[in-house]
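Remarks on the structure that follows.
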Amino acid sequence: MEELLDDLDRKILSIISQNARMPFKDVAEACGVSRAAIHQRVQKMFDNGTIVGSGYMVNPKKLGYNLCAYVGIMLDSGKAYYSVAQELKNIPEVTEAEFTLGAYAMMIKLFAKDDRHLMHLLNDQILEIPHVTNTETLTILDQQFSRNLPI
């Protein structure tokens, strides 16, 4: 299998994954190459799917979302995953959705303003989606860290 990343790509990723706001001229200086080389390498990594997404992370609590939860979703058919995922995309408070093996067909991450809002999301929105048969909710008390894999 062809190696997607060479040593320079790995060095660039290591630097920008720690500080995505670092100017390319500073990344170039740290890597000993031109700014154009950094720009080309980063663009190539976007194009080939090595780098996915960019932007700022917003603290949900500053927007009034004081509750975070993971919700395991059970479906009446595994084939329903794709249609359920499309319905979940219409709920702005759902920020992640994965198809899983194990006790749940899907696992989602959502944010709610409070317990009443969570109850509304579960009972009036998620459980109303066709093929969703049950949910189990795990409330997050405090996130200790979030990080990328080591490069």
Separation between CD1 (Ile38) and CD1 (Ile16), nearest 0.5 Å, reads 8.5 Å
Enter the distance from Asn123:CG to Thr135:OG1 here, rounded to the nearest 0.5 Å. 7.5 Å
Distance check, rounded to the nearest 0.5 Å: Asn48 atom CG versus Leu5 atom CG? 7.0 Å
How many angstroms lie between CZ in Arg41 and CD1 in Ile12, if you round to the nearest 0.5 Å? 6.0 Å
Student check: side-chain heavy atoms of Gln125 and Ile129 closer than 4.5 Å: no
What distance do Ser17 atom OG and Arg10 atom CZ have between them, rounded to the nearest 0.5 Å? 12.0 Å
Any heavy-atom pair between the side chains of Met106 and Val132 that's under 4.5 Å? no
Which pair of non-hydrogen atoms, one from Ala80 and one from Leu75, has the smallest distance, and what is that distance? C-CD1, 4.2 Å
Grouping I, L, V, M, F, W and Y whenever their side-chain heavy atoms are under 4.5 Å apart, do Met74 and Leu88 come out in a common cluster? no
Determine the minimum heavy-atom distance between Ala112 and His117, stating which atoms define it. CA-ND1, 3.4 Å
Smallest separation among heavy atoms of Leu67 and Asp115, with atom names: CD1-OD1, 3.3 Å
Within 6.0 Å of CG in Leu101, more than 12 heavy atoms from elsewhere: no
OG1 of Thr50 to CE of Met45, rounded to nearest 0.5 Å, is 7.0 Å
I'd like a table of donor-acceptor pairs (distance under 3.5 Å, sequence neighbours excluded) in which one partner is a side-chain atom from residues 23-30, with atom names and distances.
none

Heavy-atom closest contact (Val84 atom, Pro130 atom, distance): CG2-O, 3.6 Å
Any chance NZ of Lys44 has more than 12 other-residue heavy atoms, nucleotides or ligands included, within less than 6.0 Å? yes
Using the rule that two of Ile, Leu, Val, Met, Phe, Trp, Tyr join whenever any of their side-chain heavy atoms come within less than 4.5 Å, decide whether Met107 and Ile73 are in one cluster. no
Grab the two heavy atoms, one from Leu121 and one from Phe111, that are nearest each other, plus how far apart they are. CD1-O, 3.8 Å
Determine which pairs satisfy ring-ring contact (aromatic ring centres under 6.0 Å, His included) with at least one residue from residues 62-97, sequence neighbours left out, and list them in order. Tyr81-Phe99
Output a table of donor-acceptor pairs, distance under 3.5 Å, between side-chain atoms of residues 136-151 and any protein atom two or more places apart or on a different chain; print 'none' if there are none.
unit_1: Glu136; atom_1: OE1; unit_2: Tyr104; atom_2: OH; d: 2.9
unit_1: Glu136; atom_1: OE2; unit_2: Tyr104; atom_2: OH; d: 3.4
unit_1: Asp142; atom_1: OD2; unit_2: Gln144; atom_2: NE2; d: 2.7

Apply the test side chain to side chain contact (heavy atoms under 4.5 Å, CB included) to residues Ile91 and Leu110: give CA-CA distance (whole Å), side-chain angles for both, the deciding distance (0.1 Å), then the verdict. CA-CA 9 Å; Ile91 304 172; Leu110 62 76; over 6 Å; no
Is the count of non-hydrogen atoms from other residues, nucleotides or ligands lying under 6.0 Å from Asp124 atom CG greater than 12? yes
